[in-house]
Amino acid sequence: MSQVSHTFNFPAPDRLISLNDRDHWAKRSRLTRSWRTAAKLYALADKMPKGLPFSRIEITLPVRDNRARDPHNVVPTCRAIVDGMVDAGMFADDNSKHLTLAEPVLAVGDRVTVTVVVDPKQAA
């Protein structure tokens, strides 16, 4: 049995959320809600499967140019996306029993790509 993957993409709803941000809590909350809601709505619109077994999530986030960046700094953006996927019913929870998150990839563009890789060996 081979790996099964599901992919959906959507336009970035707002700027990336970084660990280096020093935004007011209300602004950070608005940004998080924006990313979480977009992920949920696009996952539902693309009819992503619900109740997936243990999976690896790979997220590619858009940036404007090829400057050197630390991909770990955008983990708050990835967390909001994963929460949106849970809200859409793709996973029962976002803990380590249900999924793992690969290191985010930053690529020039304006679209977010989310790939969920289900490995039958790990899902069993």
Side-chain angles (χ1 to χ4, degrees):
M1 210 182 254
S2 62
Q3 290 182 341
V4 176
S5 67
H6 307 281
T7 301
F8 69 102
N9 62 66
F10 57 95
D14 218 317
R15 70 172 175 82
L16 300 179
I17 309 165
S18 171
L19 290 171
N20 293 330
D21 291 343
R22 299 294 177 247
D23 295 329
H24 185 273
W25 66 265
K27 182 174 184 178
R28 189 172 187 88
S29 177
R30 183 189 62 75
L31 286 169
T32 301
R33 186 173 48 253
S34 175
W35 281 95
R36 184 175 184 159
T37 301
K40 175 185 176 182
L41 293 177
Y42 282 96
L44 291 171
D46 286 355
K47 297 183 176 21
M48 298 307 299
K50 299 192 183 323
L52 288 170
F54 183 85
S55 302
R56 182 180 74 244
I57 299 175
E58 301 167 353
I59 301 175
T60 301
L61 296 168
V63 292
R64 290 187 217 177
D65 55 44
N66 282 321
R67 282 184 298 143
R69 293 175 172 86
D70 181 356
H72 292 99
N73 283 337
V74 295
V75 167
T77 306
C78 296
R79 287 185 60 203
I81 291 170
V82 170
D83 286 342
M85 294 167 67
V86 171
D87 294 345
M90 292 179 69
F91 299 97
D93 199 353
D94 61 353
N95 62 31
S96 61
K97 291 181 181 179
H98 295 92
L99 57 92
T100 185
L101 180 63
E103 181 174 11
V105 174
L106 303 174
V108 175
D110 62 354
R111 296 192 66 79
V112 177
T113 302
V114 180
T115 302
V116 178
V117 180
V118 179
D119 186 344
K121 290 177 259 173
Q122 285 190 320

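Nothing fancy with the numbering, it's 1 onward along the sequence.
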Q: Mind listing the closest non-hydrogen atom pair of S55 and V116 along with its distance?
A: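 That would be CB-CG1, 3.5 Å.
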Q: Measure the spacing between CG of D83 and OG1 of T32 and express it to the nearest 0.5 Å.
A: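 Output value for this atom pair is 9.0 Å.
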Q: Quick check on the hydrophobic clustering: are V118 and V114 connected, directly or via other members, by side-chain heavy-atom contacts under 4.5 Å?
A: yes
Q: If you count every heavy atom of other residues, nucleotides or ligands that lies below 6.0 Å from R79 atom CZ, does the total exceed 12?
A: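 Not buried by this count: 12 neighbours or fewer within 6.0 Å.
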Q: Can you measure from CD1 (I81) to CD1 (I59) and round to the nearest 0.5 angstrom?
A: 4.5 Å
Q: Please determine whether side-chain contact (heavy atoms from CB on, under 4.5 Å) holds for the pair R36 and R33, giving the CA-CA distance in whole Å, both sets of side-chain angles, and the decisive distance to 0.1 Å.
A: CA-CA 5 Å; R36 184 175 184 159; R33 186 173 48 253; 5.7 Å; no
Q: Going by ring-ring contact (aromatic ring centres under 6.0 Å, His included), name the pairs with one or both residues in residues 23-53, residues two or more places apart or in two chains.
A: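 Qualifying pairs, neighbours excluded: F10-Y42.
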Q: Quick check for you: to the nearest 0.5 Å, what is the distance between I57 atom CD1 and C78 atom SG?
A: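 Answer rounded to 0.5 Å: 9.5 Å.
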Q: Listed by chain and number, what are the side-chain hydrogen bond (donor to acceptor under 3.5 Å, both in side chains) partners of D110, not counting sequence neighbours?
A: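 D110 satisfies side-chain hydrogen bond (donor to acceptor under 3.5 Å, both in side chains) with no residue once adjacent residues are dropped.
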Q: What's the shortest heavy-atom distance between A39 and G84, and which atoms?
A: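 Nearest heavy atoms, A39 then G84: CB-CA, 4.2 Å.
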Q: Give me the atom names and distance for the closest heavy-atom approach of K97 to F54.
A: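 That closest heavy-atom pairing would be O-CD1, 3.6 Å.
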Q: For the hydrophobic clusters of this structure (ILVMFWY residues joined by side-chain heavy atoms under 4.5 Å, transitively), does one cluster hold both L101 and V112?
A: yes
Q: Using a 3.5 Å distance criterion without hydrogens, assess whether the side chain of T77 forms a donor-acceptor pair with backbone atoms of I17.
A: yes
Q: Tell me, do V117 and E58 make a side-chain contact under 4.5 Å, heavy atoms counted?
A: yes
Q: Please report the interatomic distance OG(S18) to CG(D23), rounded to the nearest 0.5 Å.
A: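 It is 9.5 Å, given to the nearest 0.5 Å.
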Q: Quick one: does S29's side chain have a donor or acceptor within less than 3.5 Å of a partner on K27's backbone?
A: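 No, the answer is negative, given that no donor and acceptor are paired below the 3.5 Å cut-off.
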Q: Let me confirm one number: the CG-CG distance from D46 to L41, rounded to the nearest 0.5 Å.
A: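 Rounded to the nearest 0.5 Å, the CG-CG separation comes to 11.0 Å.
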Q: Closest heavy-atom contact between D65 and R69?
A: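 It is O-NH1, 2.9 Å.
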Q: If you round to the nearest 0.5 Å, how far is OG1 of T37 from CG of D14?
A: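 Reported value, rounded in 0.5 Å steps: 11.0 Å.
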Q: What heavy-atom pair brings P62 and G109 nearest, and what distance separates the two atoms?
A: CB-O, 3.2 Å
Q: Which of these passes side-chain contact (heavy atoms from CB on, under 4.5 Å) with M90: H6, H98, K50, M48?
A: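 Among H6, H98, K50, M48, the one meeting side-chain contact (heavy atoms from CB on, under 4.5 Å) with M90 is M48.
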Q: Find out whether D21 and R15 are in side-chain contact, i.e. whether some heavy atom of one side chain is under 4.5 Å from a heavy atom of the other.
A: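 Yes, at least one pair of side-chain atoms sits under 4.5 Å.
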Q: According to a 4.5 Å side-chain heavy-atom criterion applied to Ile, Leu, Val, Met, Phe, Trp and Tyr, with indirect links allowed, do V63 and L31 form part of one hydrophobic cluster?
A: yes
